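Remarks on the structure that follows.
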Amino acid sequence: CMSEVIMAEVTGAQLIAEALKSQNVEYMFGIVGVPIIEVAMAAQAAGIKYVGMRNEQAACYAASAIGYLTGRPAVCLVVSGPGLIHALGGMANANMNCWPVIVIGGSSDRNQETTGAFQEFPQAVRSSIYGRPGASYIDIAGDMVNAKIDRASVRFVSCCPAPPVSQADSREITQAVRLLKAAQRPLIIIGKGVAYARAEKEVRELVEVTGIPFLPTPMGKGVLPDDHPNCVAAARSRALLQADVIVLLGARLNWILHFGFPPRFSPHVKIIQVDLCAEELSNNVRAASALLGDIRAVVRQSLALQSTLPMNYYTAFHHISELLPKDCIIVSEGANTMDIGRTMLLNYLPRHRLDAGTFGTMGVGPGFAIAAAVLEQTQKSAQRVVCIEGDSAFGFSGMEVETICRYKLPIIIIVINNNGIYSGVDPETWKEMEKMGDMTTIAPPVTLLPEARYEQVMSAFGGRGYLVRTVEELCSALQESLKNTHTPSLLNVLIDPASDRKQQEFPWLTRSNL
Ligand code: ADP
Ligand code: MG
C-alpha cells in the first residue's frame, strides 16, 4: 500500500558477510550446520570464497595459513559446541605461530546480555593482525543469523588498515650495530616472523652488506634462498654453538632453537633480538640488545646507520655485485680484496675469472685485464673487463694504466683502498704518527699512504677517475663506467682502513669450501 515505506532488509548473515568483505577478508573455511549455513551462503554471495572442510581443526589450520601467507585474516566458520571445540586446536596453533585468523562460531539464540555482534567485526580483524598476530573469535547468536533489519540502519566500519609500523629506539639501534661490528663470529637467525613481515629484501641486504652468515628456522627457509652463499644451514649445530653475537630476527628461543641454552649455544652468546611483541624480548636468554619493532623497519634503521659509516669490503662488494653484468670478465688480486671478492662476486661463465693464481702473484691484474680487453676487441664481443684490485696490489703494476689509456681499452679498474696491506690506518692517525718522529721506525710495515688518490693515475692519462666514499658514489661511478664503452675508468673506493674479513670460523661461508 502507498503509505507503507519500502524497507530494504538485510539479514544478520548478509551483514556478517558484507562486513567481512569490506574488511578485505577473501577466504572462509568451515563446516556448516545450524545456525551458520546461511552465513556461508551469504559469504559466497558477497564474493568470499568458501571451502567446506571435514573437520573444524583442519579448517582453522587452513584459514590461519591464509593469514600467514597474505597478512590478511581468513575466516574459520564453525557451529557451536563441538564445532568450536574442534576449532580450538587450530586457534591454539595459530596463536602459537603468531598467525592471524578469525573464528566465527554460531551459538544458541541471544539472551538479554548479548552485545551488538556486528560492531565486533572490525575489532576482530584488527586484533588478529595488530600487535602480535593471532586468533580472534566472534560468537554469533543463532537468532541473529536470520534476523532482518533495515539496511539504512546499518553502519559498516571502514576497512581496517594494515598494522601500523613501529621502529626501535634509535639509541638501541646504535648499540646493536656497535655490538655487531665488534662480533668475531656473528650469525643471523631468520625466523618465520621475517617471512610474515615480508622483510626479505631488507634482510638480504643486511646479510650481503655485512657478509654475516645466516641460519633459517624451518619456516624461515626460503626468505633467502637455501643455496645463498651465506646460508650455513648445512652446519647448523656448529654455527649455533660458535656464534658470539646472534641477530635473532622474527624467531623465538623456544624448543626449535634449543631455548638458546648451552650446550647448543655458547653460554656467553650475545643476542640482538628483533620482535614486535614486547613480551617476547629476553625470553629464555636476556637480550644484549632488545629491538622492539617491525622487522622490516628495524633492519632498515640499522642499514641506514651502517651506511653513514665508512664502507667495508662486504658493503662495497655487495653493491658492485648487484651492478656487474653476469658475463663480465673479473680480474682480481689483493689479499682481502681477492678473498672476499671470491665469495661475493659470482662468476657464471668459464674462463671469466683471472686472479693471483697458483703462485699468489701480486701485480698480475692490469696485464691480465689488458689481455682480456684486447681479446674482446678482436672478437668484437661486448663483454666488459672489470679489474678489482687491493690498493697494495694495484701498486705493483699501476703504471700499466698508461698502456690501457694508450690503446683506449674500456677496462674498469676498481681499487678497494683500505690504506694498506691487509689493513691500514686513517689519515688522522697517520698525521699523529708523523709528528712522533721518524716514520721508518714508527709506521707499521703494512701501511700505505692513507687515502692515496689512485684515481688520478687514470685521469693523468685521459681516462676517467672517480674518488668514491659512499655507497651512492660507488653505484653512480660504476653505472657510468659500465655505460661508457670507449674510455677506461678507475674507481678509488675508500673503505674503512680497519675493515677486515670475518674470521674464518665459518669455513662453510665460502661455498667453494662446502
Ligand atoms: P620460528 O618458528 O621461525 O622460530 P617464531 O614463530 O618462533 O618463528 O617467531 C616469530 C616471531 O616473529 C614472533 O615472536 C612474532 O612476534 C614475531 N613477528 C611476527 N611478525 C613480525 C614483524 N612484522 N616484526 C617483528 N616481529 C614479528
Ligand atoms: Mg689494502
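These numbers come from a predicted model, not from an experiment. First listed ligand is number 1; within each ligand, the first listed atom is number 1.
Once rounded to the nearest 0.5 Å, the distance linking CG of Asp355 with CD1 of Ile330 reads 10.5 Å.
Judged by distance alone, the side chains of Glu208 and His319 never bring a donor and an acceptor atom under 3.5 Å apart. At a cut-off of 3.5 Å, with distance as the only test, a side-chain donor of Tyr313 or Asn418 sits close to an acceptor on the other residue.
The immediate protein surroundings of ligand 1, defined as residues with any heavy atom under 4.0 Å of it, consist of Cys98, Arg132, Gly191, Lys192, Gly193, Tyr196, Ala197, Thr217, Gly250, Ala251, Arg252, Asn254, Ile256, Asp275, Leu276, Cys277, Glu280, Gly293, Asp294, Ile295.
Lys221 is linked by a side chain to side chain donor-acceptor pair (under 3.5 Å) to Asp226, counting only residues two or more places apart in sequence or in another chain. Looking at residues two or more places apart in sequence or on another chain, you find a side chain to side chain donor-acceptor pair (under 3.5 Å) between Arg300 and Glu202. With sequence neighbours left out, Tyr196 forms a ring pair (Phe, Tyr, Trp, His ring centres under 6.0 Å) with no residue at all.
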